[in-house]
Amino acid sequence: MKLPAIASDRLPALLAAMPKAELHMHIEGSLEPEMIFALAERNGVALPYASIEELRHAYAFTDLQSFLDIYYAGASVLLKEEDFYDLAQAYLARAATENVVHAEIFFDPQTHTARGVPMETVIRGLSRACADARAQGTSAELILCFLRHLSEAEAFETLQAALPFRDHFIGVGLDSSEVGHPPEKFARVFARCRELGFHIVAHAGEEGPPAYIWQALDVLKAERIDHGVQAVHDAALMRRLAAERVPLTVCPLSNQKLCVFPDLAQHNLKRLLDAGLCATVNSDDPAYFGGHINANFQQVFAATGMTAEQAWQLAANSFEASFAPAADQARWLARLQDTFERFAAPAEI
Ligand code: ADE
Ligand code: ZN
């Protein structure tokens, strides 16, 4: 496809305006401090922080685990179906303003069922927000994630509890503390999920080694790798990811905040694209990492000097990497082309 030339000063606005899919966003990670305090009040939950500012102050992370400890504590205010609805509705409304046309949203049911919240409460609240977003023109789906720091048996129990609601989620994923919890720990759970017809994704190669990405592909049969930035340390793996167009859902601000890279200028997103991988840009946990999807695009482009051509590639990759029907992907791609043509014509802006 021939891309029109676009002036570099228009790049930030183009990144915001272009249609895109978000494929790696944990709904619990979109819980803003303001909403944590509002829900704590609504539900009578005591918080160990005196103010929103004090809570925000605690968002200084040194690695994945230092973040997860605060992230799971924040989720403790979610109790009722209405809370899950409000959370997902707020994210989807924000995503629509950022020109997200399709979202595949992760949720962590074990974080909630462990506190006595029924699976039905979690799924019905999130699913209703997705249905409302669809009615307003944003495509939205759910992906259930198993917490890898918990046991295989607990993952099986979670799957069992979710099966009465299987029509409400399209896939399963694997998240939480990576190092020490390799994908193969969940081989049998994912085999069962494949038999049941779910899409399969897995976090791998965020902090963990390339071996975890191999396992996610060969043992879990993951269709996408979440993060995957450590793949650059294994040339054979890079060749395979490129040859098979295995998508990587990359999250630049997350990687910066969790010290995966010393700073954003060192991020390897451009290198992944240059190697022919189907990389995408996503926000991971926008309330904790300082920005939603457009901030991720704009900041990583500014820090690494990527171009409009790479913007087009990343948006096109996000549609290709999605689990949406081919006809929808084609429609979004045509809208992407329209956006680029609009930005190439100065008089019309
Ligand atoms: N859960 C929420 N965000 C996560 C991340 N970046 N890695 C692993 N698990 C997560
Ligand atoms: Zn994640």
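Just so it is clear, the values below take in all heavy atoms, side chains as well, and ignore hydrogens, waters and symmetry mates. Ligands are counted one by one from 1 in listed order, and the atoms in each one are counted from 1 as well.
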Using the six-membered ring wherever Trp is involved, compare the ring planes of [X] and [Y] and label them parallel, tilted or perpendicular (cut-offs 30° and 60°).
X	Y	result
Tyr71	Phe67	tilted
Phe301	Phe297	tilted
His203	His26	tilted

Next item on the list: Assess His203: does it contribute an N, O or S atom lying under 2.8 Å from the Zn ion (ligand 2)?
Entry: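 Yes, since at least one N, O or S atom of His203 sits under 2.8 Å from the Zn ion (ligand 2).
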Note to self: Distance check below 2.8 Å: does Asp284 bring an N, O or S atom to the Zn ion (ligand 2)?
What the structure shows: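 Yes, Asp284 qualifies, because one of its backbone or side-chain N, O or S atoms lies under 2.8 Å.
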Next item on the list: Check each of His26, Gln65, Met25 against atom 4 (C) of ligand 1 and report the one with the nearest heavy atom.
Entry: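 Checking each option, the heavy atom nearest atom 4 (C) of ligand 1 is found in His26.
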Checklist line | Glu178 contact mode with ligand 1 (heavy-atom cut-off under 4.0 Å) | finding: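 Within the 4.0 Å criterion, Glu178 makes no contact with ligand 1.
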Next item on the list: Answer side chain, backbone, both or neither: which part of Phe67 comes under 4.0 Å from ligand 1, heavy atoms only.
Entry: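 It is the side chain that gets close, since no backbone atom is under 4.0 Å.
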Notebook entry, point to check: Tell me, which N, O or S atom in His24 is closest to the Zn ion (ligand 2)?
Noted result: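 Atom name returned: NE2.
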Note to self: Are Phe107 and His112, when compared by the centres of their aromatic rings, separated by less than 6.0 Å?
What the structure shows: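 Distance test on ring centres: not under 6.0 Å, no.
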Item checked: Gly29 to ligand 1, any heavy atom closer than 4.0 Å ->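 So Gly29 does not count as touching ligand 1.
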Check: Taking the six-membered ring of Phe323 as reference, does the NZ or CZ atom of Arg224 fall below 6.0 Å from its centre and within a 45° cone about the axis?
Finding: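 Judged by the rule, Arg224 and Phe323 form a cation-pi pair.
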Margin query: I want to check a possible cation-pi pair here: Arg124 against Tyr85, using under 6.0 Å from ring centre and within 45° of the ring axis as the test.
Written below: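 No; the conditions do not both hold, so Arg124 does not lie above the ring face of Tyr85.
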Note to self: Show the atoms of ligand 1 that are less than 4.0 angstrom away from any heavy atom in Leu68.
What the structure shows: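 Reading through ligand 1 atom by atom, the close ones are 1 (N), 10 (C).
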Notebook entry, point to check: Which ligand 1 atoms, with their elements, are less than 4.0 angstrom from a heavy-atom of His227?
Noted result: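 It comes down to these atoms of ligand 1: 6 (N).
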Check: Is Lys257 salt-bridged to Asp284, cutoff N-O under 4.0 Å?
Finding: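 Here Lys257 does not pair with Asp284 in a salt bridge, since their nearest N and O are not under 4.0 Å apart.
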Next item on the list: Salt-bridge test for Asp338 and Arg342: reply yes if a basic N is under 4.0 Å from a carboxylate O, no otherwise.
Entry: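 So Asp338 does not pair with Arg342 through a salt bridge.
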Next item on the list: Give yes or no for whether the N/O distance cutoff of 3.5 Å, strictly under, is met between Asp285 and ligand 1.
Entry: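 Between Asp285 and ligand 1, an N or O pair is found under 3.5 Å apart.
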Check: Can you find an N or O of Asp108 that's nearer than 3.5 Å to an N or O of ligand 1?
Finding: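 No: no nitrogen or oxygen of Asp108 is under 3.5 Å from one in ligand 1.
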